[in-house]
J.: 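Please find one structure pasted underneath; my questions will follow.
Residue numbers count from 1 along this sequence.
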Amino acid sequence: KEKTKGKTSLKLEKPILFDEQDILNTNFNDGCVTFDKKFNTMYYTQCNDPKGKGFNCKIYVTHRKKGNEWEDPQVLPFCTDTFVKYGQPALSPDEKKLYFSSDMQGGYGKHDLYMSSFVKRGKTWGDPVNLGPVINTPGDDLFPYLYSDNKTLYFSSDGHSGMGGLDIFTTFWDVDHWTNPVNLKAPLNSGS
């Protein structure tokens with residue numbers, strides 16, 4: 001923190017690469033990261049595969065070995081179609097569900113939001129389930145984030161009525177369905 005004329009402001013340090021081993025950072029598109037509570041498991045989006053020979057984005061998982069060392073990342077088991085984009089993972093606070101965006105067939109629009117449940121017995125992620133037409137639109141529904149109550153979902157969409165572009169919306173899991181998404185309006189959203 002830095003004090004200037006009675007005001008306290010944060011001074012950010014120079015950014016450094018997250019992965020000192022260079023296992024996770026590629027020369028292509030890496031991003032949209034989510035961690036478990038202990039920061040020992042990381043899910044992230046990687047596009048074009050680590051060697052640049054892939055066509056689309058996939059979700060990878062890696063586990064911390066010790067310190068800042070990570071295991072070789074593995075593609076999640078449901079990211080099987082090489083012509084489908086899977087990305088923007090968001091792990092639920094209880095670590096039982098993984099929300100993400102995809103353009104897989106059978107959806108409602110360009111990109112839909114999906115959820116996969118963790119299968120404890122098999123120690124793997126189950127088949128993705130589309131979050132349905134209350135949330136998904138003919139447009140792009142992207143960047144899910146589940147709040148700490150495990151019931152409040154935030155996401156971006158250009159298919160719901162908004163102020164412009166990818167507005168941020170929220171919806172709530174009510175017993176057996178998602179409530180109608182609510183636009184969070186200004187100052188979070190804008191007309192440009």
J.: Counting distance only, does the side-chain N/O of Thr62 pair as donor-acceptor with the main-chain N or O of Glu71 below 3.5 Å?
T.: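 Pair found, side chain donor or acceptor close to backbone of Glu71.
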J.: Would you say Phe39 and Trp70 are hydrophobically clustered, going by side-chain heavy atoms of ILVMFWY under 4.5 Å?
T.: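 Yes, Phe39 connects to Trp70 through the hydrophobic network.
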J.: State, with a plain yes or no, whether a side-chain heavy atom of Met104 is found less than 4.5 Å away from one of Pro128.
T.: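 The answer is yes; the side chains approach within 4.5 Å.
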J.: Measuring only between side-chain heavy atoms, which start at C-beta, is Phe143 closer than 4.5 Å to Cys32?
T.: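 A side-chain contact exists here, since the closest heavy-atom pair is under 4.5 Å.
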J.: What residue pairs, at least two apart or across chains, pass side-chain hydrogen bond (donor to acceptor under 3.5 Å, both in side chains) with a residue in residues 110-120?
T.: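 Sorted pair list: His111-Asp140, Asp112-Asn130, Tyr114-Asn130.
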J.: Taking all non-hydrogen atoms of both residues, which atom of Lys37 and which atom of Pro93 are closest, and how far apart?
T.: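 That closest heavy-atom pairing would be CE-O, 2.9 Å.
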J.: Can Leu146 be reached from Trp173 by stepping across I, L, V, M, F, W or Y side chains whose heavy atoms are under 4.5 Å apart?
T.: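 Yes, because Trp173 and Leu146 connect within a single hydrophobic cluster, where side-chain heavy atoms sit under 4.5 Å apart.
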J.: Checking Asp167 against His160 for the side chain to side chain contact (heavy atoms under 4.5 Å, CB included) test, could you report, in this order, the C-alpha distance in whole Å, the side-chain angles of both residues, the deciding distance, and whether it holds?
T.: CA-CA 8 Å; Asp167 281 9; His160 289 283; over 6 Å; no
J.: Less than 4.5 Å apart, any side-chain heavy atom of Glu95 and any of Phe118?
T.: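 When only atoms from C-beta onward are counted, Phe118 and Glu95 do not touch, as no gap falls below 4.5 Å.
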J.: Can you tell me if CZ on Phe35 sees more than 12 non-hydrogen neighbours from other groups inside 6.0 Å?
T.: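 Yes.
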J.: Going only through I, L, V, M, F, W and Y residues with side-chain contacts under 4.5 Å, is there a path from Trp125 to Phe100?
T.: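 Yes, one cluster joins them.
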J.: Under a 4.5 Å side-chain heavy-atom rule over Ile, Leu, Val, Met, Phe, Trp and Tyr, are Tyr145 and Leu188 clustered together?
T.: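 Yes, it is one cluster - the side chains of Tyr145 and Leu188 are joined through contacts under 4.5 Å.
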J.: Treating Ile, Leu, Val, Met, Phe, Trp and Tyr as nodes and any side-chain heavy-atom pair under 4.5 angstrom as an edge, say whether Leu142 and Val182 lie in one connected cluster.
T.: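 No, Leu142 and Val182 fall in different hydrophobic clusters.
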J.: Ignoring hydrogens, what is the shortest heavy-atom contact between Thr80 and Lys58? Give both atom names and the distance.
T.: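 Scanning both residues, the minimum pair turns out to be O-NZ, 4.5 Å.
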J.: Do Val84 and Asn56 make a side-chain contact, defined as non-hydrogen atoms from C-beta onward lying under 4.5 Å apart?
T.: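 Side chain of Val84 against side chain of Asn56, heavy atoms only: no contact under 4.5 Å found.
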J.: One pair to check against side chain to side chain contact (heavy atoms under 4.5 Å, CB included): Lys151 and Asp174. What are the steps and the verdict?
T.: CA-CA 8 Å; Lys151 294 180 179 182; Asp174 187 12; over 6 Å; no
J.: Please examine the side chains of Ser101 and Asp141, heavy atoms only from C-beta on, and report whether any two atoms are closer than 4.5 Å.
T.: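 They are not in contact (no side-chain heavy atoms under 4.5 Å apart), so the answer is no.
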J.: Give me the atom names and distance for the closest heavy-atom approach of Phe169 to Gly162.
T.: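 Shortest heavy-atom separation between Phe169 and Gly162 comes out as CZ-CA, 4.4 Å.
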J.: At their closest point, which heavy atom of Ile135 faces which heavy atom of Pro181, and how far apart are they?
T.: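 Nearest pair, atom of Ile135 first, then Pro181: CA-CG, 4.3 Å.
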J.: Quick one, Phe155 and Thr171 - any side-chain contact, counting heavy atoms below 4.5 Å?
T.: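 Yes. Closest side-chain heavy atoms under 4.5 Å.
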J.: Measure the spacing between NZ of Lys96 and CE of Met115 and express it to the nearest 0.5 Å.
T.: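 One gets 12.5 Å once the value is rounded to the nearest 0.5 Å.
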J.: Tell me the closest heavy-atom pair linking Phe78 and Leu98, and the distance in Å.
T.: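 Scanning both residues completely, I find the closest heavy atoms to be CZ-CD2, 4.3 Å.
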J.: Using only atom types and a distance under 3.5 Å, with no angle test, would you say the side chain of Asp36 pairs donor to acceptor with the backbone of Thr41?
T.: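 Answer holds: yes.
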J.: What I'd like to find out is whether the side chain of Phe172 reaches to under 4.5 Å of the side chain of Asp149, using heavy atoms alone.
T.: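 Yes. Closest side-chain heavy atoms under 4.5 Å.
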J.: Would you indicate whether the side-chain heavy atoms of Gln88 and Ile59 approach each other to under 4.5 Å?
T.: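 Side chain of Ile59 against side chain of Gln88, heavy atoms only: no contact under 4.5 Å found.
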J.: In sequence, state the C-alpha distance, the side-chain angles, and the governing distance for Tyr99 and Leu131, and then conclude on side chain to side chain contact (heavy atoms under 4.5 Å, CB included).
T.: CA-CA 9 Å; Tyr99 293 82; Leu131 295 189; 4.0 Å; yes
J.: Quick one: which of Asn150, Thr34, Leu153 gives a side chain to side chain contact (heavy atoms under 4.5 Å, CB included) with Ser92?
T.: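 For Ser92, the side chain to side chain contact (heavy atoms under 4.5 Å, CB included) check succeeds only for Asn150.
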J.: Testing the basics here: between Asn189 and Leu184, what is the closest heavy-atom pair and its distance to 0.1 Å?
T.: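 The pair with the smallest heavy-atom distance is ND2-N, 3.6 Å.
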J.: Nearest 0.5 Å please: distance from the SG atom of Cys57 over to the CD atom of Gln46.
T.: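 Answer rounded to 0.5 Å: 8.0 Å.
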